Amino acid sequence: MDTNFYEQVYEIARLIPKGRVTSYGAIAKSLGAAKSSRMVGHAMAYAGTAHPKVPAHRVVNSSGLLTGKFHFETPERMEELLLEEGVEVKNDKVVNFKKVFWNPLDEINVDE
DNA sequence: ATCATGACCATCC
DNA sequence: AGGATGGCCATGA
């Protein structure tokens, strides 16, 4: 997988602190490809193939909805993991989304 | 190069 | 509120 694009996505995803979540669009934006939000999601699909496991469960859609839960080992795995991290999940969506939302740009432009 | 697909996003109804 | 539509862009055949 020399697909640098995915690699970048993984990089960001791995930077997501525990108990925090982010959106595909946010990651895409941080990569400079806000329009490629779907690619981010696709990249997450490949996340399982990535070597350093990527916390894809910390990545949700712009509504904080666990859209990709079905791509996990089990549809409940994602929400379960989130709950383990301390992220409240209700009806397949993150509670206090804005509260637990983590901005990738914050880690990128950290020392800029 | 073209077609089809997708863990999205925004907009419209 | 929830369904449908268009757009945008990378990947694979």
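Note that this is a predicted model, so its numbers are computed, not measured. In what follows, every chain begins at residue 1, and chains take the letters A, B, ... in the order their sequences are listed.
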Numerically ordered, the residues 81-101 of chain A set in heavy-atom contact under 4.0 Å with DNA chain B is none
Using the P atom as the reference point in each nucleotide, state the distance between dC12(B) and dC8(C) in Å, no decimals.
-> 15 Å
His42(A) versus Tyr6(A): any side-chain heavy-atom pair under 4.5 Å?
-> yes
Val60(A) vs Phe97(A) side-chain heavy atoms within contact, under 4.5 Å | yes
Check the interface with nucleotides 9-13 of chain C: list each N/O to N/O pair with the protein under 3.5 Å, or write none.
| unit_1 | atom_1 | unit_2 | atom_2 | d |
| --- | --- | --- | --- | --- |
| dC9(C) | O3' | Ser36(A) | OG | 3.4 |

Spell out, yes or no, whether Tyr46(A) and Val40(A) are grouped together once hydrophobic residues are joined by side-chain heavy atoms under 4.5 Å, including indirect joins.
-> yes
So the side-chain hydrogen bond (donor to acceptor under 3.5 Å, both in side chains) pairs with at least one residue in residues 70-80 of chain A (sequence neighbours excluded) are Arg77(A)-Glu80(A)
Verify side-chain contact (heavy atoms from CB on, under 4.5 Å) between Met78(A) and Phe70(A), making sure each step is shown before the conclusion.
-> CA-CA 9 Å; Met78(A) 186 173 189; Phe70(A) 292 104; over 6 Å; no
In residues 63-79 of chain A, which ones come under 4.0 Å of DNA chain B, going by heavy atoms?
-> Thr67(A), Gly68(A), His71(A), Phe72(A)
Could you go through the side-chain contact (heavy atoms from CB on, under 4.5 Å) check for Val21(A) and Trp102(A) one step at a time?
-> CA-CA 6 Å; Val21(A) 295; Trp102(A) 175 80; over 6 Å; no
Rounded to the nearest 0.5 Å, the CG atom of Leu66(A) sits from the NZ atom of Lys93(A) at a distance of 10.5 Å
Beyond-backbone contact of Phe101(A) with Arg20(A), side-chain heavy atoms, under 4.5 angstrom = no
Please state whether the phosphate of dC9(B), meaning OP1 or OP2, lies under 4.0 angstrom from any side-chain nitrogen or oxygen of Ser37(A).
-> no
Please list, chain by chain and in numerical order, all residues satisfying salt bridge (Lys or Arg N to Asp or Glu O under 4.0 Å) with Glu11(A), sequence neighbours excluded.
-> none
Name every donor-acceptor pair, under 3.5 Å, that has one atom in a side chain of residues 23-36 of chain A and the other anywhere in the protein, sequence neighbours excluded.
| unit_1 | atom_1 | unit_2 | atom_2 | d |
| --- | --- | --- | --- | --- |
| Ser23(A) | OG | Ala26(A) | N | 3.2 |
| Tyr24(A) | OH | Val59(A) | O | 3.3 |
| Ser30(A) | OG | Ala26(A) | O | 3.3 |
| Ser30(A) | OG | Ile27(A) | O | 2.3 |

